[in-house]
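Numbering starts at 1 and runs along the sequence shown. Quick note: numbers below take in every heavy atom, side chains included, and nothing from hydrogens, waters or symmetry partners.
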Amino acid sequence: ILGATYLAMNRAIAALGVSVDLALIDGNRDKGIEYPSRTIVKGDALCASIAAASVLAKVTRDRHMRELALRYPGYGFEKHKGYGTKQHYAAIRELGPCEAHRPGFLRKLH
């Protein structure tokens with residue numbers, strides 16, 4: 001997951017279309033970032049820019065999960081937002097996995 005996170009961050013920075021002086025990273029690792037960066041542990045609580053990005057990311061994810069709920073009814077994506085809740089696992093047991101389920105997530109199914 002960390003590698004995918006770095007890939008997504010690098011793609012997002014590249015897509016800005018402007019030169020980047022410094023990328024602020026929430027956490028303590030930035031070894032995979034191809035741009036000048038600074039990590040800030042608990043950055044969403046300490047840095048307004050990181051907090052704003054966190055809100056935008058959550059709103060975007062929630063919107064995506066509502067779209068998945070329309071495409072794959074019965075899984076409850078609009079409620080659990082893709083997290084491994086009892087209801088989510090119960091839906092997978094009942095309906096089987098759908099195309100939106102990552103193999104790594106399914107390994108955690110118990």
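In this structure, the side chains of P97 and Y72 stay at 4.5 Å or more apart for every pair of heavy atoms. Counting heavy atoms from C-beta on, the side chains of F77 and R71 never come closer than 4.5 Å. Taking 4.5 Å as the limit, every side-chain heavy atom of E34 sits out of range of all side-chain heavy atoms of Y6.
Taking the centre of each ring, F105 and Y89 come in below the 6.0 Å mark. Proximity of the aromatic rings of H80 and Y75 is defined here by a centroid distance below 6.0 angstrom, and this criterion is not met.
Remark: Q87 CD to I92 CD1 distance equals 12.0 Å, nearest 0.5 Å. For the atom pair M65 CE and T60 OG1, the distance stands at 13.0 Å (nearest 0.5 Å). How far CZ of R102 is from CZ of R107: 9.5 Å, rounded to the nearest 0.5 Å.
Remark: D62 pairs with K58 by the salt bridge (charged side-chain N to carboxylate O under 4.0 Å, His left out) rule, at least two apart or across chains. Listed by chain and number, the residues in a side-chain hydrogen bond (donor to acceptor under 3.5 Å, both in side chains) with H64 amount to none (sequence neighbours excluded).
By the neighbour-count criterion of 12 heavy atoms within 6.0 Å, atom CZ of R61 is densely surrounded, having more than that number from other residues, nucleotides or ligands. Other residues, nucleotides and ligands contribute only 12 or fewer heavy atoms inside 6.0 Å of the CD1 atom of I1.
Linking ILVMFWY residues whenever their side-chain heavy atoms come closer than 4.5 Å, directly or via other members, leaves L24 and V18 in distinct clusters.
Scanning both residues, G74 and A91, for their nearest heavy atoms gives O-CB, 3.6 Å. Nearest heavy atom pair, residue I33 against residue I13, reads CG2-CD1, 4.4 Å.
At least one donor-acceptor pair closer than 3.5 Å links the side chain of H88 to the backbone N or O of Y83.
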Can you list, pair by pair, the side-chain donor-acceptor contacts under 3.5 Å of residues 35-55, counting residues two or more places apart and other chains?
{"residue": "S37", "atom": "OG", "partner": "D30", "partner atom": "OD2", "Å": "2.6"}

